[in-house]
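Working notes, beginning with the structure itself.
The residues of the chain are indexed from 1 along the displayed sequence. All ligand and atom numbering here is 1-based and tracks the order in the structure.
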Amino acid sequence: MIRKLDRAIETIERHDRCLIACHVNPEGDALGSMLALALALERRGKRAIRLSPDGVPRQYAFLPASDQVTTRLPSRLPPLAVVVDCDGIERTGPEWRQIASVGDLVDIDHHATGNTFGNVIVVDPRAAATAEIVYRLVRRAREPIDADLAICLLTGIIVDTGRFSFANTTPTTHRIAADLMRAGAEPAAICREIYESRTLEETRLIGRALASIRGTRDGRVVWTSIDWATLAAATANGKAPEDMINDLRAIREAEVAVLFTETADGSVRVSMRSKGAVNISEIAAAFQGGGHPGAAGCSLEGPLSRGPSRIIPRVREALRKASRDGRRRTR
Ligand SMILES: [Mn+2]
């Protein structure tokens, strides 16, 4: 890992201009990792272009320099692109081919799926967040971590660990978080921005979605669906409120929670969470999606009403297989 970090630092040091890109539908780890890296490079006198094709969702507008984010590539591409938190270069959105064409391409990520790319690959699936890897990179480069940088990195860690509650949280995660707190990042303030910034309308929408929750007879798989008209009326960005899937996940018997949301073009976004019995990134991958064993997603063609019949049987099959394997192991 140290050698990979050093190669990345060497490569980045060679250039004055750099593109930093994250994935479509960005969340805290994608944005936090990208913005932290951009700040670090700017401190070293470099120009950094921050690319997020879907912009910055409202609840992440508090992130330092998030107003510098662009949604389109500049006409003149820099000679270096650093791509963060992307499970495959295609995840950088519609302009991925141009990004892939730059001279030096650095892949910084923690997905375990093996969809790596570029001439410098810094991927560590044991890291709870890409922000942990960016932290190590910045430390290794002996770049001081100030409050702005710390806020970006801690946001990535908080979001990808479910506020330090998911199984990916390690002692290292906590040690890094402690260091970031000492540098001036406040978890309470970050959590308030991300998790306590819902509007009244969004909260009512969650209420209705939870009221119509469905489940398998044993309760191990739970899901709900939200149509486009409802999302468009109740939210600013037409997306399900951050973190609402964890209200499904919070059901005691639930092993897997699935949220189906309709998009403007009629396709269906599938967001999944697993408590560990099954690796849902494998199910997402079967539909050209991706993610982590405990948090993954994919897209389906419409209609919304057909979403559950395509996904839920696969989840149930994976659960059955997991319990068969479990019995074999304990014998
Ligand atoms: Mn991540």
Next on the checklist: My understanding is that only residues two or more places apart in sequence, or in another chain, count here; which of them pass salt bridge (Lys or Arg N to Asp or Glu O under 4.0 Å) with Asp243?
Outcome noted: Arg163
Checklist entry - Are the side chains of Val138 and Tyr135 in touch, meaning some heavy atoms are under 4.5 Å apart? => result no
Checklist entry - Are any side-chain N or O atoms of Thr11 and backbone N or O atoms of Arg7, one a donor and one an acceptor, separated by less than 3.5 Å? => result yes
Next on the checklist: Suppose we screen for salt bridge (Lys or Arg N to Asp or Glu O under 4.0 Å). Which residues come up paired with Arg182, at least two apart in sequence or across chains?
Outcome noted: Asp179
Next on the checklist: Suppose the cut-off is 2.8 Å; how many protein N/O/S atoms fall inside it around the Mn ion (ligand 1)?
Outcome noted: 4
Checklist entry - How are the rings of His292 and His111 set relative to one another: parallel (under 30°), tilted (30 to 60°) or perpendicular (over 60°)? => result parallel
Checklist entry - Other than Val102, which residues form its hydrophobic cluster under the rule that side-chain heavy atoms must be closer than 4.5 Å? => result Leu19, Ile49, Leu51, Leu73, Leu77, Val83, Ile89, Trp96, Ile99, Leu105, Phe117
